[in-house]
Amino acid sequence: MAGSAIKPTPLLKDELDIVIPTIRNLDFLEMWRPFFEQYHLIIVQDGDPSKTIKVPDGFDYELYNRNDINRILGPKASCISFKDSACRCFGYMVSKKKYIYTIDDDCFVAKNPSGEQINALEQHIKNLLSPSTPYFFNTLYDPYREGADFVRGYPFSLREGATTAVSHGLWLNIPDYDAPTQLVKPLERNKRYVDAVLTVPKGTLFPMCGMNLAFNRELIGPAMYFGLMGDGQPIGRYDDMWAGWSYATTWDGELRLACPTSGTAKQATLSSISRRSTGGSTGRKT
């Protein structure tokens, strides 16, 4: 039609799936519509499979509940956590795309100090498509970013970098504290916006969070399996960290960490989001 605006094709449109674990209607997607609408969503419904999950119109998605998981995996269905956000691993399994971005349903679009909305997904993609520098720290953070470069003394033999397998983001508002820390700091909120991207050094462990995370499924898909948590399991809230430790100890490539305001691993900050205390998706408590 004359006058209708043609939306530009986003990066990796046909090579990336967005995986969302949830126990509630996905009204939060309206805020993310400008950034998510052209991508395919894989929604993994946790909890009561008889409950109807409503998804806003206009999104391309497939939705799986526990009955679907049991039907597809049969006796092996117990490998997918129940009543825990680790159920998102089923989405990783059924995806046929090269890249995965996963986010929780209590994550919202953050704004930079100028009031502009942050496209966390776009920054994650840029992280995954850029090399990392795991073997030698660059004091200008990301040397591949426009306006930056390698500093004096950085070995020329290492400047090609390593393939980035994971982009891990952080977030504003609700900090990802452990239970004891949350008890003594119940009102603490993270309001500091950081515009930086950095690489997690080779051989360094880190506490990975699964709610604002992107990775190359073809490179490290199996390593991103979140440990069994939730219903019937003795401990909880270590599912995503287990995957992070597995990844860090088995992958020869590297990861970028995108810090504050809901970031990405191996690059810091630009992939930021804002998290609200809504009880979390699939059993996350804050």
Side-chain angles (χ1 to χ4, degrees), residues 12-33 35-107 121 124 166 208-218 220-233 236-240 242-243 246 273 278-285:
L12 301 182
K13 176 183 180 295
D14 298 319
E15 299 181 69
L16 180 142
D17 280 333
I18 299 175
V19 175
I20 306 171
T22 190
I23 55 173
R24 57 176 66 87
N25 294 333
L26 296 182
D27 299 329
F28 91 112
L29 284 175
E30 288 295 353
M31 181 177 290
W32 289 98
R33 186 181 290 277
F35 311 127
F36 289 1
E37 190 172 27
Q38 295 190 64
Y39 291 91
H40 179 69
L41 312 182
I42 298 178
I43 300 165
V44 184
Q45 178 183 344
D46 200 10
D48 184 2
S50 66
K51 179 180 178 180
T52 299
I53 297 293
K54 296 181 180 179
V55 181
D57 293 337
F59 287 94
D60 173 33
Y61 71 92
E62 51 191 299
L63 187 152
Y64 299 92
N65 60 31
R66 195 68 200 185
N67 291 338
D68 298 315
I69 295 173
N70 292 337
R71 173 179 53 81
I72 294 170
L73 296 183
K76 297 181 179 180
S78 60
C79 72
I80 302 298
S81 296
F82 183 55
K83 295 186 178 180
D84 187 271
S85 66
C87 68
R88 76 181 79 223
C89 291
F90 183 77
Y92 303 167
M93 186 195 74
V94 297
S95 172
K96 300 298 187 295
K97 304 291 180 61
K98 182 176 181 179
Y99 299 100
I100 294 289
Y101 174 57
T102 184
I103 188 172
D104 284 5
D105 61 9
D106 59 353
C107 295
L121 173 57
H124 278 294
V166 175
M208 189 179 82
C209 179
M211 73 177 184
N212 182 25
L213 179 76
F215 62 92
N216 186 321
R217 180 175 170 273
E218 291 185 358
I220 57 156
M224 297 306 286
Y225 172 74
F226 286 21
L228 276 174
M229 300 288 160
D231 192 52
Q233 304 303 319
R237 299 198 67 187
Y238 278 86
D239 49 329
D240 43 8
W242 173 265
S246 298
I273 56 177
T278 60
S281 65
T282 65
R284 181 187 295 276
K285 297 180 179 179

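Heavy-atom basis, side chains included; hydrogens, waters and symmetry copies ignored.
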Beyond-backbone contact of [X] with [Y], side-chain heavy atoms, under 4.5 angstrom:
{"X": "Gln233", "Y": "Tyr238", "answer": "no"}
{"X": "Glu62", "Y": "Ile42", "answer": "yes"}
{"X": "Met224", "Y": "Arg217", "answer": "no"}
{"X": "Leu29", "Y": "Ile20", "answer": "yes"}
{"X": "Ile69", "Y": "Val44", "answer": "yes"}
{"X": "Phe226", "Y": "Asp84", "answer": "no"}
{"X": "Glu15", "Y": "Glu218", "answer": "no"}

Considering residues at least two apart in sequence or located in another chain, which fulfil the salt bridge (charged side-chain N to carboxylate O under 4.0 Å, His left out) criterion with Asp239?
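Not a single residue meets the salt bridge (charged side-chain N to carboxylate O under 4.0 Å, His left out) criterion with Asp239.
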
Notebook entry, point to check: Listed by chain and number, what are the salt bridge (charged side-chain N to carboxylate O under 4.0 Å, His left out) partners of Glu30, not counting sequence neighbours?
Noted result: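 If we apply the salt bridge (charged side-chain N to carboxylate O under 4.0 Å, His left out) test to Glu30, skipping adjacent residues, the hits are Arg33.
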
Do any side-chain atoms of residues 71-81 form donor-acceptor pairs under 3.5 angstrom with protein atoms, and if so which ones, sequence neighbours left out?
| unit_1 | atom_1 | unit_2 | atom_2 | d |
| --- | --- | --- | --- | --- |
| Arg71 | NH2 | Asp68 | OD1 | 3.2 |
| Ser81 | OG | Met229 | N | 3.0 |
| Ser81 | OG | Met229 | O | 3.4 |

Side chain to side chain contact (heavy atoms under 4.5 Å, CB included) between Met211 and Cys107, worked out
CA-CA 8 Å; Met211 73 177 184; Cys107 295; 3.8 Å; yes

Look at the aromatic rings of Trp32 and Phe35 and report parallel, tilted or perpendicular, splitting at 30° and 60°.
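The arrangement is perpendicular - the two ring planes meet at more than 60°.
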
- Pairs involving residues 62-82, ordered by first then second residue, that meet ring-ring contact (aromatic ring centres under 6.0 Å, His included) (sequence neighbours left out):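 For residues 62-82, and leaving out neighbouring residues, the ring-ring contact (aromatic ring centres under 6.0 Å, His included) pairs sorted by first residue read Tyr64-Phe90.
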
With no hydrogens and no angle check, do the side chains of Asn212 and Tyr101 hold a donor and an acceptor under 3.5 Å apart?
->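 Yes, side-chain donor-acceptor contact under 3.5 Å.
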
*asked:* For a side chain to side chain contact (heavy atoms under 4.5 Å, CB included) check, start with the C-alpha distance between Phe59 and Leu26, then their side-chain angles and the critical distance, and finish with the verdict.
replied: CA-CA 11 Å; Phe59 287 94; Leu26 296 182; over 6 Å; no

Margin query: Counting the benzene-type ring for Trp, do Tyr92 and Phe215 have ring centres under 6.0 Å apart?
Written below: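 Yes, the ring of Tyr92 comes within the 6.0 Å limit of the ring of Phe215, centre to centre.
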
Taking all heavy atoms of Cys209 and all of Asp240, pick out the closest pair and write down the distance.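 Cys209 and Asp240 have their closest heavy atoms at CA-OD2, 3.4 Å.
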
Counting only N and O atoms by type, is there a donor-acceptor contact under 3.5 Å from the side chain of [X] to the main-chain atoms of [Y]?
{"X": "Asp17", "Y": "Ile100", "answer": "no"}
{"X": "Ser246", "Y": "Trp242", "answer": "yes"}
{"X": "Asn25", "Y": "Lys54", "answer": "yes"}

Run the salt-bridge test on Arg88 and Asp104 with the 4.0 Å N-O cut-off and return the result as yes or no.
->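 Yes, Arg88 and Asp104 are salt-bridged.
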
Quick check for you: to the nearest 0.5 Å, what is the distance between Lys98 atom NZ and Asp14 atom CG?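 Atom-to-atom, Lys98:NZ and Asp14:CG are 13.5 Å apart.
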
Margin query: Could you work out, with side-chain hydrogen bond (donor to acceptor under 3.5 Å, both in side chains) as the rule, every residue matching Asp48, not counting sequence neighbours?
Written below: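 Partners of Asp48 by the side-chain hydrogen bond (donor to acceptor under 3.5 Å, both in side chains) criterion, ordered by chain and then number, come out as Ser50.
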
*asked:* Just to verify, what does Tyr225 make a ring-ring contact (aromatic ring centres under 6.0 Å, His included) with, not counting sequence neighbours?
replied: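 Expected list: none.
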
